[in-house]
Amino acid sequence: MKTAVYPGTFDPVTNGHIDIIERALKLFDKLYILVGENPQKAATFSSEERVYMLKEALKKHNNRVEVEHFGELLLNYVKKKKSNVIIRGLRAISDFEFEFQRAQFNREFAKDIETIFIMTKDDYAFLSSSIIKEIAMFGGSVKGFVPQIVEKKLRDKFRR
Ligand code: ADP
């Protein structure tokens, strides 16, 4: 069985993430989605909320995806799941530098683990969790850019 790990902060999950997941499911039998922490920024949603939104949004794939929070090093999680592939999405050249460093770092410490990049779908090239939060915070509509459960959670969180 071919498996891969897709790590991210998913604060919250957007349709850009879902698109990467669905395309990765064409290449792999099973995806482990790791909800992690980004030390650079405090999360808006708790890890439980982030896991819940992903699980709800991915219900139709529930036999092929596993979503969980993991607070340790990504490489430890990949080994724990006995996988050897990390999936990342690329939106723009600005993502490249960061992702390149990460992939190099991971290869240095685990030579048998490969990082595979999936290029964003054009429609989602500008889409990020931060932009979604900004729109929602100021009362704008995020319809079509996030799963329905996320729309609802954003309304609850930023209700004014
Ligand atoms: P991180 O904080 O680890 O970058 P994110 O949750 O922001 O976590 O993103 C997880 C992964 O999904 C990253 O590889 C990111 O580049 C990718 N990604 C995020 N948004 C999009 C999008 N709109 N299209 C394609 N890939 C995306």
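Whatever order the structure lists ligands and atoms in, that order sets their numbers, starting from 1.
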Closest protein heavy atom (residue, atom, distance) for [atom]:
atom	answer
atom 1 (P) of ligand 1	T9 OG1, 3.5 Å
atom 24 (N) of ligand 1	T120 OG1, 3.0 Å
atom 18 (N) of ligand 1	H17 CD2, 3.9 Å
atom 16 (O) of ligand 1	G89 O, 2.7 Å
atom 20 (N) of ligand 1	R91 NH1, 3.4 Å

Heavy atoms of other groups near K60 NZ, more than 12 under 6.0 Å =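 12 or below, so no.
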key: Residues, nucleotides or ligands: over 12 heavy atoms within 6.0 Å of F117 CZ   =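 Enclosed.
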Using only atom types and a distance under 3.5 Å, with no angle test, would you say the side chain of [X] pairs donor to acceptor with the backbone of [Y]?
X	Y	answer
H17	T14	yes
R50	T9	yes
R102	E97	no
N76	E72	no

For [X], atoms of ligand 1 separated by under 4.0 Å from a heavy atom:
X	result
I20	25 (C), 26 (N)
R88	1 (P), 3 (O), 4 (O), 10 (C), 11 (C), 13 (C), 14 (O)
L127	20 (N), 22 (C), 23 (N)
Y124	22 (C), 23 (N)
F10	6 (O)
G16	22 (C), 23 (N)
G8	3 (O), 6 (O), 8 (O), 10 (C)

query = So, K133 versus T44: side-chain donor-acceptor pair below 3.5 Å or not?
reply =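 Yes.
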message = Quiz question: by atom type and distance under 3.5 Å, do the side chains of E68 and Y77 form a donor-acceptor pair?
response =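 Short answer, yes.
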query = Of V65, T3, I20, V85, which meets side-chain contact (heavy atoms from CB on, under 4.5 Å) against L31?
reply =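 With L31 as partner, side-chain contact (heavy atoms from CB on, under 4.5 Å) holds for just one option, V65.
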query = Is there at least one pair of N or O atoms, one from Y6 and one from ligand 1, spaced under 3.5 Å apart?
reply =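 It does: an N or O of Y6 is found under 3.5 Å from an N or O of ligand 1.
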Please confirm whether [X] approaches ligand 1 to less than 4.0 Å, judged on its heavy atoms.
X	answer
E99	yes
F117	no
N38	yes

query = Would you call the rings of F100 and F96 parallel, tilted or perpendicular, where under 30° means parallel and over 60° means perpendicular?
reply =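 Rings of F100 and F96: parallel, as their planes differ by under 30°.
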